[in-house]
Protein chains: 4
Amino acid sequence: MSSSVSHKHTAILDAAYELFGSGGFYETKMSEVAEKAGIAKGTVYLYFKSKEELFLAVTRRDCEGFLEQLDVKLKACGSLQEQLTVIAGHHLMYYYERKQHTKLFFRAPNNHSELVAYMTQFMEEYMRAVMRVMQDSGAAEPELLAESYIGTLDRLKMDIMLRPGFTEADARKRAEFAAGLFIHGALGSRQEQTAPERD
Amino acid sequence: MSSSVSHKHTAILDAAYELFGSGGFYETKMSEVAEKAGIAKGTVYLYFKSKEELFLAVTRRDCEGFLEQLDVKLKACGSLQEQLTVIAGHHLMYYYERKQHTKLFFRAPNNHSELVAYMTQFMEEYMRAVMRVMQDSGAAEPELLAESYIGTLDRLKMDIMLRPGFTEADARKRAEFAAGLFIHGALGSRQEQTAPERD
Amino acid sequence: MSSSVSHKHTAILDAAYELFGSGGFYETKMSEVAEKAGIAKGTVYLYFKSKEELFLAVTRRDCEGFLEQLDVKLKACGSLQEQLTVIAGHHLMYYYERKQHTKLFFRAPNNHSELVAYMTQFMEEYMRAVMRVMQDSGAAEPELLAESYIGTLDRLKMDIMLRPGFTEADARKRAEFAAGLFIHGALGSRQEQTAPERD
Amino acid sequence: MSSSVSHKHTAILDAAYELFGSGGFYETKMSEVAEKAGIAKGTVYLYFKSKEELFLAVTRRDCEGFLEQLDVKLKACGSLQEQLTVIAGHHLMYYYERKQHTKLFFRAPNNHSELVAYMTQFMEEYMRAVMRVMQDSGAAEPELLAESYIGTLDRLKMDIMLRPGFTEADARKRAEFAAGLFIHGALGSRQEQTAPERD
DNA sequence: TATGAATGAGGTTTCATTCAT
DNA sequence: GATGAATGAAACCTCATTCAT
């Protein structure tokens with residue numbers, strides 16, 4: 001019974017992830033979620049109080065997976081370069097694997113304070129993880145650095161979502177590029193060649 | 001007569017900007033737009049064919065202003081450092097001045113191809129402007145650099161939008177930080193200066 | 001359950017028949033149909049996709065009843081005179097019984113291709129039934145005859161719909177008149193009887 | 001000035017006839033009428049108090065033309081056969097010439113008592129004209145005969161409106177057929193040849 | 001007389017949510 | 001727990017009509 005309950009719970013989350021992710025919050029109907037989950041409309045409300053709450057649950061599950069996996073990966077590596085590459089790789093690959101479900105991340109419902117609160121908390125946790133790496137490197141302004149890094153990765157991921165022909169290799173290349181950029185700056189390689197006094 | 005027309009047109013755009021910006025597309029009712037603009041519901045439709053079209057017009061006006069002002073500012077400055085600072089300052093201050101209207105930028109209607117097309121074009125133009133600066137500096141991968149820079153700025157601006165106590169000075173500080181980061185890398189200043197004990 | 005479904009379905013059709021019939025398509029509001037059927041507005045849309053479709057369903061039910069009953073009656077009679085009288089009686093009595101719902105037949109929505117198609121098909125079927133009778137009589141031009149007969153009946157029925165004091169006996173008298181007219185012509189009886197001086 | 005007034009009045013009626021006739025009452029917008037008439041929307045209301053009244057005026061002009069022309073034609077002919085043929089020809093040709101404007105006759109507004117009154121009056125006048133012919137022939141039941149004849153013609157005209165390839169010759173053939181039918185009955189020709197006992 | 005910008009009542013339809021079974 | 005028929009609020013948009021110019 002409890003496994004049946006949990007099975008339906010998961011089925012709803014999966015269906016909602018699929019639909020919210022590809023269509024967005026407002027474009028997705030609860031009846032569609034129910035249908036895709038293979039259950040009746042009313043049943044969804046036995047597991048989730050409202051559409052907003054369902055969206056929040058979907059988001060939460062996705063974000064928690066993101067943070068947990070990042071944690072595992074970061075623990076397994078050492079140098080700054082390596083850690084930044086791991087973060088970037090994780091960020092970009094995570095979205096690469098979910099490129100069909102991008103709407104989840106920017107077609108959310110407005111005015112739902114719980115969701116806003118959760119997203120804020122998620123960002124803080126993600127920030128903290130990245131900040132820790134920055135701090136370990138001894139960089140000044142680790143907070144701004146972390147924020148910048150996340151911003152860079154977020155924008156680089158846009159290519160993944162918008163360009164159809166994007167490959168996994170492209171994603172990996174960008175991950176390394178981002179790490180290099182934050183360690184050496186934009187002129188890193190050029191400076192090595194022509195500006196010896198500065199590097 | 002034409003001034004009256006343009007007056008109403010502007011009043012609607014202003015009202016819609018206010019409401020779409022603070023509430024998002026789906027949460028804003030056309031009747032509210034009309035009321036805020038001080039006109040009747042039907043009148044809105046004399047100037048804009050549909051809610052989507054109104055949203056597009058609001059977005060377009062905002063984005064065009066952004067690009068035009070950036071152009072002017074970029075023409076007036078020289079060194080890479082200076083140019084990057086100008087871009088960052090422009091980006092952050094633009095949103096700083098609009099911090100009450102953040103929803104405009106990520107609560108757009110789905111499935112409106114014209115809007116998608118316009119936003120794509122806007123991003124391309126912005127990218128091109130930033131890329132030109134990157135290219136002038138002789139940096140490798142100017143495209144990825146531009147994208148990264150814009151991503152960084154976009155994330156840094158989030159502080160502005162989300163933290164109530166944010167000041168203009170904070171915005172300016174971040175602008176300079178971002179420019180420095182992209183020129184020197186995250187460790188740029190520290191490495192040069194020494195400071196080994198702390199980091 | 002299925003009886004409940006069919007009950008609501010019928011209740012809506014009945015309500016719509018009443019309202020479309022007495023007020024016409026454009027003058028009837030879906031909310032009125034719902035109210036008259038004793039259900040909520042939204043429920044109507046569970047049974048009929050749109051107002052047009054509801055109108056079509058009402059029309060179809062009415063026309064099908066007309067044709068089915070005609071078929072039964074025609075099979076039970078023999079001579080031409082008798083058959084023509086049956087057709088006329090059916091046509092006039094059908095409308096006599098529905099004299100409060102005349103609008104159904106000429107206040108239909110425009111530009112609804114499915115309705116146009118259905119009405120065309122209905123008329124063809126009716127025509128075919130009448131034509132068969134005409135053909136059996138050996139008359140020349142059975143098609144034009146059938147058309148003329150139907151036209152005659154349609155006009156005679158107008159009296160029924162427009163004159164309040166109309167009785168069933170009046171309807172029956174007209175039915176016999178029409179049959180006689182088509183067999184003998186306008187001057188049929190008179191010519192036979194005498195009255196030569198006037199022609 | 002008065003000629004200019006009358007010019008606009010006519011222009012509006014012409015435009016409205018065109019649009020009401022081809023699209024129907026509800027599907028035609030006052031703004032379209034104004035545009036087609038080459039004047040401003042508000043101007044229409046200087047000549048006609050409302051949309052309904054404009055429709056009535058259009059209808060009235062058309063019907064009056066119908067009756068006047070019929071009168072002229074009837075005065076110029078003698079025998080019953082000739083008179084019935086003239087009526088039929090007039091009826092069918094009138095619609096044949098207006099086959100692009102059939103909506104005028106069955107997409108009228110509901111619940112407009114003045115229109116209903118006018119149409120009733122028109123029908124009475126038409127009836128009276130046809131009845132006079134029937135009376136002259138000495139036929140019994142001239143009223144029902146007139147009504148039947150008009151009904152027959154009305155249905156025969158449907159072919160004109162519904163069949164695209166209809167020619168003027170087809171219309172004329174139907175006119176003669178209708179006249180013959182009412183004089184001799186459906187079996188007129190056949191009976192003469194083979195069924196002597198019944199006639 | 002002519003204009004056409006402005007009005008605002010009003011109707012169709014959608015869909016999250018409920019609740020009797 | 002599961003169902004899905006029923007609900008009804010809510011929102012977009014239309015268009016006949018008005019009236020200041």
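By convention in this document, chain letters (A, B, ...) are assigned in the order of the sequence lines, proteins followed by strands, and residues within each chain are numbered from 1.
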Base, sugar-phosphate, or nothing for D:Lys41, non-hydrogen atoms under 4.0 angstrom? base
Answer yes or no: does a side-chain N or O of [X] lie under 4.0 Å from OP1 or OP2 of [N]?
X	N	result
A:Lys8	F:dA2	yes
B:Thr43	E:dT7	yes
C:Tyr47	F:dA6	yes

Assuming nearest nucleotide by heavy-atom distance, tell me which of B:Leu46 and C:Lys51 is located more 5' along DNA chain E. B:Leu46
I want to confirm an ordering. Mapping C:Met30 and B:Val44 to their closest nucleotides on DNA chain E, which one lands closer to the 5' end? B:Val44
Please report, rounded to the nearest Å, how far the [atom2] atom of [N] is from the [atom1] atom of [X].
X	N	atom1	atom2	answer
D:Ile12	E:dA2	CD1	P	9 Å
B:Leu54	F:dC13	CG	P	10 Å
A:Lys49	E:dT18	NZ	C1'	15 Å
D:Lys29	F:dA16	NZ	C1'	12 Å
D:Glu27	F:dA16	CD	C1'	15 Å
C:Glu32	E:dG11	CD	P	8 Å
A:Glu52	E:dT17	CD	P	6 Å
A:Leu19	E:dC15	CG	P	13 Å

Using ring centroids (six-membered ring only for Trp), state whether A:Phe55 and A:His112 fall under 6.0 Å. no
Return whichever of D:Tyr45 or A:Ala40 has its heavy-atom-nearest nucleotide of DNA chain F closer to the 5' end. A:Ala40
5′-ward residue of the pair D:Ser50/C:Gly38 relative to DNA chain F: C:Gly38
Heavy atoms from C-beta onward define the side chain here; which of F:dT17, F:dC13, F:dT3 lies closest to that of A:Ile39? F:dT3
Under 3.5 Å: donor-acceptor pair, side chain of [X], backbone of [Y]:
X	Y	value
B:Arg61	B:Ala57	no
D:Thr43	D:Ile39	no
C:Glu32	C:Lys29	yes

Geometric class of the C:Phe25/C:Phe20 ring pair [parallel <30°, tilted 30-60°, perpendicular >60°]: parallel
Answer for the Watson-Crick or wobble partner of E:dC15, both distances under 3.5 Å, is F:dG8
Only pairs with both distances under 3.5 Å count, Watson-Crick or wobble alike; so what is the partner of F:dT3 in this structure? E:dA20
